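Owing to the predicted nature of the structure, the values given are computational and were not obtained by experimental measurement.
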Amino acid sequence: EPVQQTVTQEDSQIEDTEPVEKTETPTADEEEVSEEPEKREPLEKVTLYTAASGYNRIILTWEKNERATGYKIYRKQGDQEYSLLKNIESGDTLRYVDTGLMFDTLYEYKICAVEELDGEELAGEESDSVAQRTTLESAKMSSVDSLDYQTLQVSWNQVTGADGYEIYRSESDDQWNQLGQVNADADCIYVDKGLRLGREYTYMVRAYRLNNGNRVYSDDSGTMSGHTELQKVLNLKATAARYDIVKLTWDKAGAQKYQVWYQTEGSEEWKYVATTIATTYQVTNVICGEKYTFKVRGIVEQDGNLNYGE
């Protein structure tokens, strides 16, 4: 008999799979185009200027960048690296004062403009480095006043941070002589004595500050000139000491001597009375009831000549 063969199929290990969708690669025309943000032009370099403004301050100024919403200032000293000194938050601010610095010390600065747009900050190129040393400001001459025929008083403004001042005088264009010095805790005044009447003298002042025991000087002040002169006699007073005596008194005018003159009512002529070294004189032999007008003027003798005040 024919053999009947039965074949039993075991569990198939082939898993059914879902049909895979065919994806098509888009052509170049169909590719999506992404928009890149608009590129911002770099900020222009800012020009920086510096100036000393006292023994412990430096003033920074710079030219405006029209796009800037602020500025960043950097500073270094000696071999140090630059570090951020100040973040200026306004594009209209064009000045900054760096304070609390060490005297007679060199500092270097840079600056860059900053533009903030849509929350993003763009910093421009840093400026060229600018160096500045802290120094004393120069004294400024105030006046040269004649106190009498041989004395001038020189005055100037106070310089912040100065320990003292040196005073110089010139009687020619190219020769200066130091007269003396004035401590900073005294008034900014120097009295120059023993001068010649009518001669012009020129003065200047240098401030100084001590640094490790050494004097570090400011620049010279400007110059100012003056000449001695005879002062006008002031506060002349006349009182009747007796029916025929008039007593005169007046303030000292820095003269060697004084001449007394009088004029009677109705007369244009002045008559000489006397010369005295005092600041008082009694005019005798006056006529009772007569009206007298008096004047006094100072006298200085120099080189054999008499010089008269007002």
Side-chain angles (χ1 to χ4, degrees), residues 141-157 165 167-173 175 177-182 186-205 223-310:
M141 300 292 291
S142 298
S143 63
V144 178
D145 300 314
S146 176
L147 299 184
D148 57 41
Y149 72 95
Q150 60 180 354
T151 306
L152 290 173
Q153 178 176 280
V154 182
S155 60
W156 60 93
N157 74 308
Y165 308 90
I167 298 87
Y168 294 83
R169 184 186 71 199
S170 175
E171 298 178 48
S172 63
D173 294 335
Q175 185 174 356
N177 297 311
Q178 183 179 343
L179 298 178
Q181 61 186 39
V182 174
D187 292 335
C188 294
I189 290 173
Y190 183 83
V191 178
D192 191 12
K193 300 179 180 180
L195 306 177
R196 293 184 62 81
L197 176 63
R199 176 173 292 181
E200 184 171 83
Y201 298 89
T202 303
Y203 298 87
M204 72 174 181
V205 174
T223 62
M224 186 170 285
S225 301
H227 63 273
T228 56
E229 58 187 27
L230 273 170
Q231 305 298 307
K232 182 178 181 179
V233 173
L234 300 176
N235 292 325
L236 174 62
K237 296 178 182 179
T239 57
R242 207 173 66 180
Y243 72 93
D244 61 346
I245 297 176
V246 174
K247 182 179 181 180
L248 302 177
T249 60
W250 58 89
D251 290 345
K252 185 176 180 180
Q256 293 173 335
K257 300 177 183 180
Y258 300 92
Q259 278 188 350
V260 180
W261 298 71
Y262 79 90
Q263 184 184 65
T264 56
E265 187 176 19
S267 173
E268 295 183 357
E269 181 184 2
W270 285 95
K271 295 184 178 181
Y272 170 74
V273 178
T275 299
T276 178
I277 61 173
T279 56
T280 182
Y281 188 80
Q282 287 192 359
V283 182
T284 60
N285 299 322
V286 298
I287 300 173
C288 184
E290 186 82 36
K291 184 176 181 181
Y292 292 83
T293 301
F294 297 92
K295 71 178 182 181
V296 177
R297 65 179 180 177
I299 306 174
V300 168
E301 183 178 351
Q302 182 174 277
D303 299 330
N305 299 315
L306 290 178
N307 299 273
Y308 299 93
E310 291 186 47

One should read off an interatomic distance between Gln256 CD and Asp148 CG, to the nearest 0.5 angstrom, of 10.0 Å
Identify the heavy atoms of Asn157 and Ser142 that sit nearest to each other, and give their distance. N-OG, 3.7 Å
One pair to check against side chain to side chain contact (heavy atoms under 4.5 Å, CB included): Lys295 and Arg297. What are the steps and the verdict? CA-CA 7 Å; Lys295 71 178 182 181; Arg297 65 179 180 177; 5.8 Å; no
All heavy atoms of Leu248 vs all of Val260, minimum pair found to be CD1-CG1, 3.6 Å
Show me the pairs that pass ring-ring contact (aromatic ring centres under 6.0 Å, His included) and involve residues 226-253, at least two apart or across chains. Trp250-Tyr258
For Glu229, is there any backbone N or O sitting under 3.5 Å from a side-chain donor or acceptor partner on Gln231? yes
Give every residue pair that meets the ring-ring contact (aromatic ring centres under 6.0 Å, His included) criterion with at least one member in residues 266-289, sequence neighbours excluded. Trp261-Tyr272
Pairwise distance CD(Gln150) to NZ(Lys193) - rounded to 0.5 angstrom: 9.0 Å
Taking the side chain from Gln175 and the backbone from Ser170, do they hold a donor-acceptor pair closer than 3.5 Å? no
CD1 (Ile189) and CD1 (Ile167) are apart, to the nearest 0.5 Å, by 11.0 Å
Distance col, row Leu236:CG vs Thr249:OG1, nearest 0.5 angstrom, shows 7.0 Å
Is the backbone N or O of Ile287 less than 3.5 Å from a side-chain atom of Tyr292, with the two atoms forming a donor-acceptor pair by type? yes
I would like to know whether Thr223 and Met141 meet side chain to side chain contact (heavy atoms under 4.5 Å, CB included); could you show each step before the answer? CA-CA 7 Å; Thr223 62; Met141 300 292 291; over 6 Å; no
Heavy-atom donor-acceptor pair, Ser146 side chain to Thr228 backbone, under 3.5 Å: no
Do Gln302 and Tyr149 pass the side chain to side chain contact (heavy atoms under 4.5 Å, CB included) test, and can you show the C-alpha distance, the side-chain angles, and the key distance before you say yes or no? CA-CA 10 Å; Gln302 182 174 277; Tyr149 72 95; 5.5 Å; no
Between Val233 and Gly298, which heavy-atom pair has the shortest distance, and what is it? CG2-N, 4.1 Å
Quick one: side chain to side chain contact (heavy atoms under 4.5 Å, CB included) partners of Ser143, sequence neighbours excluded? Asp145, Ser155
Whether Asp303 and Arg196 form a salt bridge (side-chain N of Lys/Arg under 4.0 Å from carboxylate O of Asp/Glu) is what I want to check. yes
What is the distance from atom CG of Leu195 to atom CD of Glu200, rounded to the nearest 0.5 Å? 12.5 Å
Give the minimum heavy-atom separation between Asn307 and Leu230, together with the two atoms involved. O-CD1, 3.1 Å
For residues Thr279 and Asp251, report the shortest heavy-atom separation together with the two atoms involved. CG2-C, 4.4 Å
Got a sec, which residues hit ring-ring contact (aromatic ring centres under 6.0 Å, His included) with Tyr165, two or more places apart in sequence or on another chain? Trp156
Output the distance between atom CG (Leu179) and atom OH (Tyr203), rounded to the nearest 0.5 Å. 6.5 Å
Under 6.0 Å from the CG atom of Leu234, do we count more than 12 heavy atoms belonging to anything else shown? yes
Val144 versus Ser225, closest heavy-atom pair with distance: CB-O, 3.9 Å
Applying side chain to side chain contact (heavy atoms under 4.5 Å, CB included) to Thr239 and not counting sequence neighbours gives Lys247
Give the C-alpha distance, both sets of side-chain angles, the deciding distance and a yes or no for side chain to side chain contact (heavy atoms under 4.5 Å, CB included) between Leu152 and Arg169. CA-CA 11 Å; Leu152 290 173; Arg169 184 186 71 199; over 6 Å; no
Under the salt bridge (Lys or Arg N to Asp or Glu O under 4.0 Å) rule, collect the residues that match up with Glu301, sequence neighbours excluded. none
